[in-house]
Amino acid sequence: MKKVFLVAALSLGTMTAFAQEEATEAAATATEAAATATEAVATEVVEAQDGFAEVAVEELPAAIAEALATDHPGATISKAYVNEAAQYKLEVAKEDGTAVELYADAEGNWIEM
């Protein structure tokens, strides 16, 4: 009789342990999925609030290219963006390998944002 109770107790304990493990794994999976979805939404919101749309580097006004060559010799523009106010956001790779964001207006004047 003692063996029956022992086997029953061990069986119950084992089933409980596996049930908790599966619940923990399911909760972790749900948390990861929620974090991924939140991250995707946050990225979209930042891009939408930014107000800048990507443009080809070749489409930049000549004044901006001249200002970059004068103030940041050796730097190259990786990407360029423009907003409705004709302000340009530039992703620039400097000669020393660092990447920076610069803002300029259509006349090549630098803007602090």
Side-chain angles (χ1 to χ4, degrees):
M1 192 66 152
K2 289 180 184 179
K3 290 181 183 179
V4 173
F5 285 121
L6 180 62
V7 170
L10 288 175
S11 298
L12 182 61
T14 304
M15 287 188 284
T16 305
F18 285 125
Q20 288 175 351
E21 186 176 298
E22 289 178 11
T24 304
E25 289 175 6
T29 303
T31 303
E32 289 174 12
T36 303
T38 303
E39 187 175 298
V41 170
T43 302
E44 291 173 12
V45 170
V46 169
E47 291 173 359
Q49 289 177 351
D50 193 345
F52 286 90
E54 188 169 0
V55 295
V57 175
E58 297 80 27
E59 294 177 15
L60 289 174
I64 293 177
E66 292 169 7
L68 184 67
T70 302
D71 297 335
H72 302 279
T76 57
I77 301 171
S78 305
K79 290 185 179 182
Y81 305 88
V82 65
N83 66 9
E84 292 178 3
Q87 297 171 331
Y88 293 84
K89 176 171 83 170
L90 311 171
E91 291 182 7
V92 177
K94 290 188 149 193
E95 197 170 33
D96 64 0
T98 59
V100 295
E101 279 188 0
L102 301 173
Y103 296 88
D105 62 15
E107 290 81 37
N109 301 314
W110 300 112
I111 303 170
E112 293 205 23
M113 293 184 112

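Throughout, numbering of the chain's residues begins at 1 and tracks the sequence. The figures that follow rest on heavy atoms only: side chains count, while hydrogens, waters and symmetry mates do not.
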- Check side chain to side chain contact (heavy atoms under 4.5 Å, CB included) between E58 and all other residues, then give those that pass, not counting sequence neighbours. A56
- Query: Where is the tightest heavy-atom contact between P61 and A106, given as atom of each residue plus distance?
  - Reply: CB-O, 3.6 Å
- Item | Residue pair E59 / V82, side-chain heavy-atom distance below 4.5 Å | no
- Task: Please identify each residue that fulfils side-chain hydrogen bond (donor to acceptor under 3.5 Å, both in side chains) with Y81, with sequence neighbours left out.
- Result: E91
- Those residues that, when tested against E66, pass side-chain hydrogen bond (donor to acceptor under 3.5 Å, both in side chains) (two or more places apart): none
- Item | Within one Ile-Leu-Val-Met-Phe-Trp-Tyr cluster: V92 and F52, side-chain cutoff 4.5 Å | no
- Of all residues at least two apart in sequence or in a different chain, which pass the side chain to side chain contact (heavy atoms under 4.5 Å, CB included) check with A93? T76, S78
- Item | For T98, all residues meeting side-chain hydrogen bond (donor to acceptor under 3.5 Å, both in side chains), sequence neighbours excluded | D96
- Message: Filter on side chain to side chain donor-acceptor pair (under 3.5 Å), then keep only pairs touching residues 104-113, sequence neighbours left out; what's left?
- Response: D71-W110, D105-N109
- Query: Are I111 and L68 grouped together when hydrophobic residues (ILVMFWY) are joined by side-chain heavy atoms under 4.5 angstrom apart?
  - Reply: no
- Message: Run the side-chain hydrogen bond (donor to acceptor under 3.5 Å, both in side chains) test against E101 and tell me which residues pass, sequence neighbours left out.
- Response: Y103
- Task: Could I get the full list of side chain to side chain contact (heavy atoms under 4.5 Å, CB included) partners for A85, not counting sequence neighbours?
- Result: N83, Q87
- Identify the heavy atoms of I77 and K79 that sit nearest to each other, and give their distance. CG2-O, 3.5 Å
